[in-house]
Protein chains: 2
Amino acid sequence: MNLDERKRKILSSVVEDYIESAEPVGSKTLVEKYHLDYSSATIRNEMKLLEEAGYLEQPHVSAGRIPSTKGYRYYVDNLMKERKLSMVDINYIDNTINGFGDTDAIFEQIADVVSKILSTPTVITKNNTDTIENIKVVKISEKLLLIVLMSKNGTVKDCIAKLTDTVEDDVIEKLTNILNKDLAGTPIKELHLALNNVIMKDLQAFSGIMDDVVNSIKYEMSKDMKKLNSGIENILEKPEFSDIDKVKNFINMISTKEIIDSALQKSKDNKLSIVIGSENKEVLLNDYTIISLDIEKDNKYLGKLSVIGPKRMNYAKTISTLKYINSKFKNTLTSGKKNNNVKGDNSEKGRK
Amino acid sequence: MNLDERKRKILSSVVEDYIESAEPVGSKTLVEKYHLDYSSATIRNEMKLLEEAGYLEQPHVSAGRIPSTKGYRYYVDNLMKERKLSMVDINYIDNTINGFGDTDAIFEQIADVVSKILSTPTVITKNNTDTIENIKVVKISEKLLLIVLMSKNGTVKDCIAKLTDTVEDDVIEKLTNILNKDLAGTPIKELHLALNNVIMKDLQAFSGIMDDVVNSIKYEMSKDMKKLNSGIENILEKPEFSDIDKVKNFINMISTKEIIDSALQKSKDNKLSIVIGSENKEVLLNDYTIISLDIEKDNKYLGKLSVIGPKRMNYAKTISTLKYINSKFKNTLTSGKKNNNVKGDNSEKGRK
DNA sequence: TTTTAGCACTCTTTAACTTTAAGTGCTAAC
DNA sequence: GTTAGCACTTAAAGTTAAAGAGTGCTAAAA
């Protein structure tokens, strides 16, 4: 079905009003609020047609209409106007994402910022093909070593190893060399296994300190896999989560790594992907929309930044936020400079 | 009022039943469930006296009784039996708190473990008199420096500084020396100011890299102040939070640093402090109980581990958990060894 | 003197019913 | 093609009634 101008206008108004109000939209509301130059009866007839064509739904017979998945999809693809981010939001982003820290730290900052601006949970998934590039071992006191692992994509992980014995400088140097020789190029997801091999092969001589060093590294890397989302508390404000059971279900769902992974995998081809409601094969996600953006640097895929929320989300704002973040992120990472007037002590100033 | 044996038994049963069920406890329940060898009428008379004496409360006339703050207090001080932690919990703690990482990392592990075992939010406050002991600067690549700050109490913070220019090894050595000379002994809470002074005084010569280094440090330290609690999602399961507004209020409350600080400050004298309901001067906390434990190492006060939840919390289990953690923590920190059969790769195994 | 059976009383919870309000779909007229 | 008008449906809000839980008191029993 081809939608004529009037139908498009009506659909667009229904979507936008519903995104704003969370209430089914009636014909009278449309006429008054959106200045459609027809009577409510005409609008009703049009809405009926839109419903029959699958763009709108009616929770019950005496309620207004809400957009269907198909309706949202049409809106996103054809009706939605590109939206500029407000200066407030731009300033907030600029002041908060300051470029300090490694790739992971910046990923985390981004997730926090996005979840605050959009009041919605945000998930970051990292590309799991990243590899170890370089390892440094620093002696920071008699029995404490700091082990620094740098990845190809610019992630720096470090961990403290508490030694049971003291250790000489030349031992540390040897250890560093061996670790680098054996581990450089290892995919991070295989590090665990690789570490075991290193022990077997080359590090028998260091048995006194190896357990401490290797276990510390393993632990640090395992910790990393866990914290991948932020902003859960924001959904409490949304009317669709006024029921505590829905909140629990939602939290459980996005804490289940498999569900999130399944949702994010299939959208690898295009940089910005939008999966609305029942477009998602995972049934548990059928009431939600996931918008995600591939993050790249020098044409290398670093990971995916995803926003997950109810279908009734602010698509225009979400998309413009992600796009702005993306441009900024590229800049932050590739230049190696912090990009603007960051003074270093205004990181607390943004919104709360 | 002196409570005779029967009253003590009744009070104790009311408290324990209410902690378990979250429902007001009636006389019949007590007789049947706790095998009191009296009729329900006798129990009713006793409960009336207990209410008049202020140990029990009645939500409304046709409901059972719930403990008052005074009732909980009497229970905690006189009736509660010391409880052994279950083997499941002990194993979980042992496998999760593995001694890897610095003091902060262990603090964080502890907060996570406690909040999981007790299903309640946990707050860690750190002693803010900790001072900088030693600073190392490590060059990890052409334009990347890793700055490591060690505190007197064993906290290790590090941050990446991205430089705008390359830097020579001898410059790094000089920089390290100056930083150590000027900053060693500085209280962490004054670090921000101290860093400004250092720039003014000794580091004019390094102006090319100083902004990067100093700002990175400042940012890292500011980040540290934020994340002090975990386990908020656990309260969703508790019946007192079936109303979403209560959840919101609670989250707001414990996110407000001032409230938590005010609650924790006044209990500095004894190592285990229990503040029940209206004993807390902060009105917003009058429906909650805070149990906290001072954490020490070598007689040095490191910080406070606090559990915050509804008055109706499992006091016995909370206390035994904190005590066990405390003993384990001491062990973990002072020995410099990981304490038991940690294999390093079982950190994911505990409960989810 | 202490304990207990019995019962009237209070208050909450639940269910059933009624009313109100919102918004539709259809018809017939414009 | 558009619109006024109206009967109709349904959810939400309000009302009333009944059921259930637990008490406090009285008077009798131990």
I need the [atom1]-[atom2] distance between [X] and [N], as an integer number of Å.
X	N	atom1	atom2	answer
K33(B)	dG22(D)	NZ	P	12 Å
D17(A)	dA22(C)	CG	C1'	15 Å
E46(B)	dT23(D)	CD	C1'	15 Å
E52(A)	dT24(C)	CD	P	14 Å
L56(B)	dG22(D)	CG	P	15 Å
E57(A)	dG23(C)	CD	C1'	17 Å
K28(B)	dG24(D)	NZ	C1'	17 Å
I66(A)	dT24(C)	CD1	P	13 Å

Looking at [X], does any N or O in its side chain come under 4.0 Å of the phosphate oxygens OP1/OP2 on [N]?
X	N	value
K48(B)	dC25(D)	yes
S62(B)	dC9(C)	no
R65(B)	dG22(D)	no

>> Angle between ring planes, Y74(A) versus Y55(A), binned at 30° and 60°: parallel, tilted or perpendicular?
In response: perpendicular
>> Angle between ring planes, Y75(A) versus Y315(A), binned at 30° and 60°: parallel, tilted or perpendicular?
In response: perpendicular
>> Between R44(A) and S40(A), is there a side-chain donor-acceptor contact under 3.5 Å, judged purely by atom types and distance?
In response: yes
>> Does any part of the side chain of E23(A), heavy atoms only, come nearer than 4.5 Å to the side chain of T29(A), both counted from C-beta?
In response: no
>> When you compare the side chain of L56(A) with that of L11(A), does any pair of heavy atoms fall below 4.5 Å?
In response: yes
> Should we count CG of D37(A) as having more than 12 external heavy atoms under 6.0 Å?
Replying inline: no
I'd like a list of close polar pairs between nucleotides 1-5 of chain C and the protein, N/O only, cut-off under 3.5 Å.
unit_1: dT3(C); atom_1: OP1; unit_2: R6(B); atom_2: NH1; d: 3.0
unit_1: dT3(C); atom_1: OP2; unit_2: R6(B); atom_2: NH1; d: 3.4
unit_1: dT3(C); atom_1: OP2; unit_2: R6(B); atom_2: NH2; d: 3.1
unit_1: dT4(C); atom_1: OP2; unit_2: S39(B); atom_2: N; d: 2.9
unit_1: dT4(C); atom_1: OP2; unit_2: S39(B); atom_2: OG; d: 3.4
unit_1: dT4(C); atom_1: OP2; unit_2: T42(B); atom_2: OG1; d: 2.6
unit_1: dT4(C); atom_1: O5'; unit_2: S39(B); atom_2: OG; d: 3.4

>> Checking side-chain contact (heavy atoms from CB on, under 4.5 Å) between P121(B) and each of I251(B), I254(B), V307(B), V114(B), which is the one that passes?
In response: I254(B)
>> I want to confirm an ordering. Mapping P59(B) and S27(A) to their closest nucleotides on DNA chain C, which one lands closer to the 5' end?
In response: P59(B)
